[in-house]
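Keep in mind that this is a model prediction, so the values were computed, not measured. Quick note: numbers below take in every heavy atom, side chains included, and nothing from hydrogens, waters or symmetry partners.
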Amino acid sequence: MYLGLDIGTSAVKALLMTATGGTVGSADGELRVSRLRPGWSEQDPDDWTAACRKAIRALSRKHPREWAAISGIGLSGQMHGAVLIDDVGKPVRPCILWNDGRSEDECRELENRADFRGISGNILMAGFTAPKLEWIARNEPESFRRIRKVLLPKDYVRLWLTGEYVSDMSDASGTLWMDVGARRWSSELLSATGLTVDNMPALVEGTEVSGRLRTPLAEEWGIPEVPVGGGGGDNAATACGMGVLEAGTGFLSLGTSGVLFAATQSFAPNAGQAVHAFCHAVPDTWHQMGVILSAVDSLNWLADLTGRQAPELSAMLPKAVAEPSSVTFLPYLSGERTPHNDPGARGMFEGLSRATDLADLSQAIMEGVAFAFADCVDALSVAGTRIETAFAVGGGAKSDQWLQIIAAAAGLRLLVPAEGDYSAAYGAAKLGMAADLGEAGQASFVAPAIIREIGPDAGLADRYRDRRQKYKALYPALKGSR
């Protein structure tokens, strides 16, 4: 048996998996986000360990026999958080999370200090870790002086589990302190924020052993001092759970936000269009991501305004979509990452008339998100990755109409997997198993069974080609008016 722990933003998830990949059960521990000011987002690191204890207690009580057979633990977690650790291994202050936007000014300053784009392969964004530390140095100098180590959220949980200061390649890529191509810390980028390699945890591959469960926890939980694997950032762990490890494969996550993830066999950045280029959680592999900030959240917004549920709005569309909506929607309700990296970007409807109804608006939103995914496909292509096939996961992927629209608008063949758990916690459990068994190959990360494929409808794709040009004209027009 293998335990996967995913340190999310709203909850910790603990998942128990068999050696053949079957899910025995899972349990959650709720988390809260502190928002002391607009744009700020923080959590107390000790809340993660408390939530882990709660989830583990529930899981072990429900499945005591399977729990006693645990052979390894894997970790995944929200990326980019800044956990500052002092000389005695305690947090200096609450963790500044991935969705905290306070360090936008620091991004501009750091661009002039070092070649972040060239070395890390990524554009500086307020969500990443390095600018958060620059903000701390400027605004909380006493906290900055107390820093011994800087950890990521899942790696603070690792410290609790093992007593070791360790991170994995995929999660560490999101700090902007790594030479991602060389898979090591960059002294130059660390120096730009007043830090050194000594302030960083050791790096391991996600499939390697990072330490062993501490004796007090092993005795408390009634299991051996099992190995804890390196694990991965949440999207890389999800990819491991789905078997997305080889070039030419990817997944499209249609959740609150949207992600188009593609595995690559080499480091292939495109910072100019805000593509994330990170190490994968398996050795000698990298990945690219296009990120959309308001995917299903756009449809949820319309649902909230109209007193409906998002699935209700989706069901208003015909089963087979044949024509574009009469309205065009720009889905930048919370700004946008790929391809613009513009937190100030905003959304809009274009083409409204007295005849416009709720079904038109719903379809327009689904098409706007599909065009945003098409932008991600193009941005990845500029970086040398032509993705044509992707697993479709996330709550929005339950809508056949939405998948039809995305397939036609983005030119993708979408694979709908059989029912199962494709969460980051499941991928973490697989990484824990790989560390325990010393196996890092594709055989350890089997792709799920496919129940259907949705390819691009040629006629609809032709009609979307013209509509997408109208869509692409909206952002520069709005930006020019700001």
message = Does the structure place the NZ or CZ of R35 under 6.0 Å from the centre of the six-membered ring of W40, at an angle of no more than 45° from the ring's axis?
response = no

ask   = Side chain of K90, backbone of D86: donor and acceptor closer than 3.5 Å?
value = no

query = Are Q288 and T385 linked by a side-chain donor-acceptor pair shorter than 3.5 Å?
reply = yes

query = Between F251 and H287, is the ring centre distance below 6.0 Å?
reply = no

ask   = Quick one: does S167's side chain have a donor or acceptor within less than 3.5 Å of a partner on P201's backbone?
value = no

query = Which value, rounded to the nearest 0.5 Å, describes the distance between S143 atom OG and W135 atom CH2?
reply = 8.5 Å

query = Should R117 and E111 count as an ion pair when the cut-off is N to O under 4.0 Å?
reply = yes

Distance, nearest 0.5 Å, that separates OG1 of T196 from CH2 of W185 = 11.5 Å

Point-to-point distance, once rounded to the nearest 0.5 Å, from CG of L110 to CG of L124 = 5.5 Å

inquiry  = We want to know whether R386 and S381 form a side-chain donor-acceptor pair, criterion being a heavy-atom distance below 3.5 angstrom.
reply    = no

message = Could you check whether D6 and S76, counting side-chain N and O atoms only, form a donor-acceptor pair closer than 3.5 Å?
response = yes

query = H280 and F261: aromatic ring centres closer than 6.0 Å?
reply = yes

Spacing of S314 atom OG and K398 atom NZ [to the nearest 0.5 Å] = 12.0 Å

task = May I ask you to check whether W286 and S173 show a side-chain donor-acceptor distance below 3.5 Å?
result = no

message = Here's one to test your reading of the geometry: is the NZ or CZ of K430 within 45 degrees of the ring axis of F445 and under 6.0 Å from its centre?
response = no

request  = Kindly state each residue pair satisfying side chain to side chain donor-acceptor pair (under 3.5 Å) with at least one member in residues 221-231, sequence neighbours excluded.
outcome  = T215-E225

message = So, taking the atom named CE in M289 and the one named OG1 in T338, what distance separates them when rounded to the nearest 0.5 Å?
response = 8.5 Å

